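For reference, the structure discussed in these notes is given below.
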Amino acid sequence: MQVWFRVAIQAKYNKMQKLQSDFYRREDVVQIARELIGKLLISRLSGQTVVARIVETEAYAGAADAASHAYRNRRTKRTEVLFAAGGTSYVYLCYGMHYLFNVVTGREGIPDAVLIRGVEPIEGGGKLSAGKGRQPGAGPAMVSRLMGITLEQNGWNLVGNKLYLAEEKDTELPVAVSPRIGVDYAGGAAKWLYRLYVPDHPHVTPHKLNRKGIVLV
DNA sequence: GCGCCGATTTGCT
DNA sequence: GCAAATCGGCGCG
């Protein structure tokens, strides 16, 4: 493990602060996805507390984004919570077996969201091991498994006590951008650089796109 | 290390 | 009926 990971971990609970609604209700979903890198995800579900640092996200720009479930403002039973105000959770079942956790952003009626794709476990969930050859928390389905998130958490307010995000002061991580993973069907939107991740971090989804990423200054 | 494929069920055409 | 914001196992080399 590299030195700056250790330093960030040791900083943990000193200056932690829960993210409030105004953080989520801003317009620029890509900017929010970038700022979510390094933030903490905390779940207190069924008596377990799990804390993890976000190291990989993807922005989904709602109505204008062919990769979004709410493309062209499509409203169905599933996508309805995407239209809620920023600071709401959107969890859905993917490939019939995986739960994927998103943070809804923007004001009410704007179906933007950020998919949390990778986290580094800090506390709790230690007994849950991911598959061999893969780090726990690396990959969006692994995030939900680690945190204990299921469909039950869909539509939850993220400014609460059971599932929320927090920031620590003085935590800064390098950030890279790439196209999003698994959205080849989305035409031109498949090329958008809406995936943000910490380069060379072990809890980022293993993928060939990691080699093509551009490190932001 | 890489690429292919099956699992499993919902959601929407 | 089919494709899906994925994962892990297998075969190959």
Side-chain angles (χ1 to χ4, degrees), chain A residues 24 29-30 32-34 36-37 41 52 54-84 86 88-106 110-121 125 128-155 158 176-198 200-213:
Chain A
Y24 302 104
V29 64
V30 181
I32 294 173
R34 178 172 177 175
L36 283 176
I37 299 292
L41 177 58
I54 296 169
V55 296
E56 180 184 1
T57 62
E58 279 176 1
Y60 285 85
D65 183 355
S68 168
H69 292 160
Y71 181 43
R72 292 191 278 226
N73 282 318
R74 183 170 52 189
R75 277 182 117 117
T76 67
K77 188 174 180 184
R78 180 176 63 159
T79 65
E80 192 57 36
V81 297
L82 283 168
F83 293 85
T88 302
S89 74
Y90 170 52
V91 183
Y92 77 97
L93 184 64
C94 186
Y95 293 99
M97 59 191 111
H98 304 298
Y99 301 117
L100 270 58
F101 171 66
N102 297 250
V103 173
V104 175
T105 70
I110 304 293
D112 293 353
V114 176
L115 171 66
I116 308 301
R117 289 196 56 98
V119 297
E120 171 190 356
L128 301 170
S129 61
K132 69 171 183 178
R134 198 175 181 113
Q135 297 290 338
M142 299 293 97
V143 170
S144 299
R145 222 167 68 172
L146 177 79
M147 304 303 295
I149 293 171
T150 68
L151 283 184
E152 197 188 331
Q153 279 71 46
N154 186 40
L158 294 172
V177 292
S178 82
R180 293 170 291 185
I181 294 176
V183 297
D184 292 340
Y185 58 88
K191 297 182 184 157
W192 295 354
L193 301 177
Y194 277 15
R195 173 172 174 251
L196 301 155
Y197 63 99
V198 181
D200 303 316
H201 194 289
H203 295 266
V204 164
T205 309
H207 200 279
K208 58 187 175 187
L209 280 171
N210 294 343
R211 290 198 292 266
K212 295 188 175 183

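Predicted, not measured: the structure shown is a model, and the values here were computed from it. Reminder, nothing fancy here: chain letters follow the sequence lines and each chain counts from 1.
In this structure, of C:dC7, C:dT6, B:dC12, it is C:dC7 that holds the atom nearest to the side chain of A:M142.
Contact check for A:P140 versus A:T205: side-chain heavy atoms found under the 4.5 Å cut-off. In this structure, A:L82 and A:Y60 have side chains that are not in contact, with every pair of non-hydrogen atoms separated by 4.5 Å or more. With contacts defined as side-chain heavy-atom distances shorter than 4.5 Å, the pair A:I37/A:H201 does not qualify. Proximity of A:V143 to A:L41: side-chain heavy atoms (C-beta onward) are separated by under 4.5 Å at one or more points.
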Please report the C-alpha distance between A:R195 and A:V183 in whole Å, then the side-chain angles of each, then the deciding distance to 0.1 Å, and finally whether the side chain to side chain contact (heavy atoms under 4.5 Å, CB included) criterion is met.
-> CA-CA 11 Å; A:R195 173 172 174 251; A:V183 297; over 6 Å; no
Stepwise, does the side chain to side chain contact (heavy atoms under 4.5 Å, CB included) test hold for A:V103 with A:I116?
-> CA-CA 8 Å; A:V103 173; A:I116 308 301; 4.2 Å; yes
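Between A:N102 and A:L100, the closest heavy-atom pair is ND2-O, 3.5 Å.
Between the P atom of C:dC7 and the CD atom of A:E56 lies a distance of 9 Å, rounded to the nearest Å. In this structure, A:Y92 places its OH atom 12 Å from C1' of C:dA3, rounding to the nearest Å. Spacing between atom CD of A:E80 and atom C1' of B:dC12 amounts to 16 Å, rounded to whole angstrom units. Summarising the geometry, the separation between CG on A:L196 and C1' on C:dA5 is reported as 15 Å, rounded to the nearest angstrom. For the pair A:Y99 OH and B:dT10 C1', the interatomic distance rounds to 11 Å; values are reported in whole Å. In this structure, OH of A:Y90 is placed 9 Å from P of B:dG11, rounded to the nearest angstrom. Atom CG of A:D112 is separated from atom P of C:dA5 by 17 Å (rounded to the nearest Å).
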What does nucleotides 3-9 of chain B look like as a protein-contact string, B for base, S for sugar-phosphate only, - for none, at under 4.0 angstrom between heavy atoms?
-> ----BBB
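The stretch residues 58-71 of chain A comes close to DNA chain C through A:Y60, A:A67, A:H69, each having a heavy atom under 4.0 Å from the strand. A heavy atom lying under 4.0 Å from DNA chain C marks the following residues of residues 177-185 of chain A, by number: A:G182, A:V183, A:Y185.
Within the structure, side chain to side chain donor-acceptor pair (under 3.5 Å) pairs that include any residue of residues 88-97 of chain A comprise A:H69-A:Y90 (at least two apart or interchain).
Proximity of a side-chain donor or acceptor of A:R180 to a complementary backbone N or O of A:A59 within less than 3.5 Å is detected. One N or O on the side chain of A:S144 and one on the backbone of A:Y99 form a donor-acceptor pair closer than 3.5 Å. Judged by distance alone, the side chain of A:E58 and the main-chain N or O of A:R117 form no donor-acceptor pair under 3.5 Å. At least one donor-acceptor pair closer than 3.5 Å links the side chain of A:Y197 to the backbone N or O of A:N210.
Between A:T76 and B:dC12 there is a side-chain polar atom (N or O) within less than 4.0 angstrom of OP1 or OP2. Between A:R145 and C:dT6 there is no side-chain polar atom (N or O) within less than 4.0 angstrom of OP1 or OP2.
Around the CD atom of A:E152, the shell of radius 6.0 Å holds no more than 12 heavy atoms that belong to other residues, nucleotides or ligands.
Legend: residues meeting side chain to side chain contact (heavy atoms under 4.5 Å, CB included) with A:F83, ordered by chain and number and at least two apart, are A:A70, A:N73, A:R75, A:T79, A:P111.
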Canonical and wobble pairing (Watson-Crick, G-U, under 3.5 Å) of DNA chain C, dot-bracket with | | ||||.|||||||.
